[in-house]
There are 2 protein chains.
Amino acid sequence: MNSQDVILGLLMHHSLSGYDIKHKMETILSYFNNASFGTIYPTLSKMEKDGLITKESVIQEGRPNKNLYSITEGGKLQFKKYMYSPIEDNEFKSDAMTRLFFGEFVEAAIMVGVLEEYLVRTKVNMERLRKLYVDCQPDMSPTQEICIQIGINNSESQILTLTEGIARLKNVKEK
Amino acid sequence: MNSQDVILGLLMHHSLSGYDIKHKMETILSYFNNASFGTIYPTLSKMEKDGLITKESVIQEGRPNKNLYSITEGGKLQFKKYMYSPIEDNEFKSDAMTRLFFGEFVEAAIMVGVLEEYLVRTKVNMERLRKLYVDCQPDMSPTQEICIQIGINNSESQILTLTEGIARLKNVKEK
DNA sequence: ATACTCATGTAAATCGTTACATGATTTT
DNA sequence: AAAATCATGTAACGATTTACATGAGTAT
C-alpha cells in the first residue's frame, strides 16, 4: 500500500483536488494514514501520466483555480487490484514508547513527564475521533464504522493503561 | 527519533553486535520500532566514525567473527540529549484499516476476509507479547512493563472490536 | 538434503518529509 | 494588521527497505 492506492480509494467516491485529498488525509484518514503535499502533488502527476486519473482545471471565483482529478476505468482496475492483493502488516513507530523502554537510564520524573504527555496526546486524539464519529456516522459504511471504533477503543484502552502506569510509577517513587 | 537513538539506548545496557541489535529489534522492540540490517550496519559505521561507539572484533569458535560495539561517553551524552528532546508523535500506517475504509467498493465477503485476517494477526501478536512478558518480567524496568502492557491491552481491545465488527458485518449480510 | 542460525556488508531503489516559492481571499 | 484558508508545485534531503553477495556450522 502506498499513497497512490489511498488516492485511488478517495477518488472512487468523487473527483477531488490535491488540496481536498490532503484535507481528507488529515481528518478521516489520519488515524492510519498520512501524506504531505510533497507526496500528493507529484503522485497525482504520475497517476495522470499513467492514465489512472484525468485532470480538469476548474476556475473558481474568489479562490485560486484548482485541478480536479477523476478516476478512469484503468484507475478503477488498479484500485481493485490493490484491494485483492495480500494485506501488508501494520507499521507502527512510537517515540514515546521508545523512551519508556529506555527509561531506566534517566530520572523517574522525566518518565512521569513522558507518560503524562503521551496520555494527553492520546486523549486529544480520542476526542477528535469521537467527534468525527458523531459528525460522520450517518455517512459511514459499516466497515468505516469498524475502522473508527478500532481507533476509539484502542485509544480508550491506552488511556487506562497509561493512567494506571502513572499511578504505579508515582507510588514506586514515594516508597 | 531515528535508528541511531534506538541503537544508543540498546548499547546503554551492554555491548552488542549488529546481529544482536537486529535480534533485539525483532523481539523486545518490535511492537514500536523496527530496523533492517541495511539500516543497522551503515548506522553503526557512521556512529563509530562520529565517536559515539567503539568497535571491537571478537573471534568466536564454531561461529563467524563478530564486531562488538560499545557506547562511549560521547554516545551517552547523545543518548541523554535524545531522552530530553521534545517527544515526536507516533507514526502509524495500517493497510488493513485502509482496506476497511474503502470497503464499500468491493464485495462484503472480501471485507469479512480482511477483518478475519486482521483478527488473526492481532491475536498472534498479542500471544507473542504475552509470552515475552512472562519470560522477561523479572528483568523489566517499571517503564518497560508499562510499554508491554500498552501493547497487550491495545491488542486485547482490538481483538474485541474486530470480533464484534465481524459479527455485525455477517448479520448485515444475512438480512 | 534442507533449512535455519550466526554473521557482515553494499548498492539500488523506493518512499517520503521539509522547506521553499507564490499569491489571493477571508476571518479574527 | 495578522493569521488562517484556499491552492499548486519543486528541490533538496533523509531514512529505510530490498536484494544481492558470502560463508561456516547446526539442527531436522
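Just so we're on the same page: letters track the sequence lines, and every chain starts at 1.
Considering only side-chain atoms of A:S36, the nucleotide from D:dT8, D:dG9, C:dT17 that sits closest is C:dT17. Between C:dA7, D:dA7, C:dG9, one nucleotide has an atom nearer to the side chain of A:P64 than all others, and that is D:dA7. Each of C:dC6, C:dG9, D:dG9 was ranked by its minimum atom distance to the side chain of B:R63; first place goes to C:dC6. Distances from the side chain of B:P42 to the nucleotides D:dA7, C:dA7, C:dT10 place C:dT10 closest.
Projected onto DNA chain C by closest heavy-atom contact, A:M1 and B:K66 fall at different nucleotides, the more 5' of which corresponds to B:K66. Comparing A:F37 and B:T39 by the nucleotide of DNA chain D that holds the closest heavy atom to each, the one mapping nearer the 5' end is A:F37.
Between B:N2 and the phosphate of D:dT16, there is no side-chain N or O to OP1/OP2 separation shorter than 4.0 Å. Of the side-chain N and O atoms in B:S3, none sit less than 4.0 angstrom from OP1 or OP2 of D:dA15. The side chain of B:Q60 contributes an N or O atom lying less than 4.0 Å from OP1 or OP2 of C:dA7. Taking only side-chain nitrogens and oxygens, A:N67 comes nearer than 4.0 Å to OP1 or OP2 of D:dG9.
Following rounding to the nearest Å, B:K55 (NZ) and C:dA7 (P) show an atom-to-atom distance of 15 Å.
Residue B:K123 places its NZ atom among 12 or fewer non-hydrogen atoms of other residues, nucleotides or ligands, all under 6.0 Å distant.
Within the 4.0 angstrom heavy-atom criterion, no nucleotide atom of any strand lies near A:S45. Counting any heavy atom pair closer than 4.0 Å across all strands shown, B:K93 reaches sugar-phosphate atoms only and no base atom. Within 4.0 Å (heavy atoms only), A:G38 reaches at least one base atom of the nucleic acid.
Under the 4.0 Å criterion applied to side-chain N and carboxylate O atoms, A:K131 and A:E127 are not assigned as salt-bridge partners. A salt bridge does not link B:K24 with B:D20: every distance from a Lys NZ or Arg NE/NH1/NH2 to an Asp or Glu carboxylate oxygen is 4.0 Å or more.
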>> Working note: A:D95 + A:Y118, criterion side-chain hydrogen bond (donor to acceptor under 3.5 Å, both in side chains); need CA distance, chi angles, decisive distance, verdict.
In response: CA-CA 10 Å; A:D95 186 22; A:Y118 195 22; over 6 Å; no
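Of all non-hydrogen atoms in A:I59 and A:N65, the two that sit nearest each other are CA-OD1, 3.5 Å.
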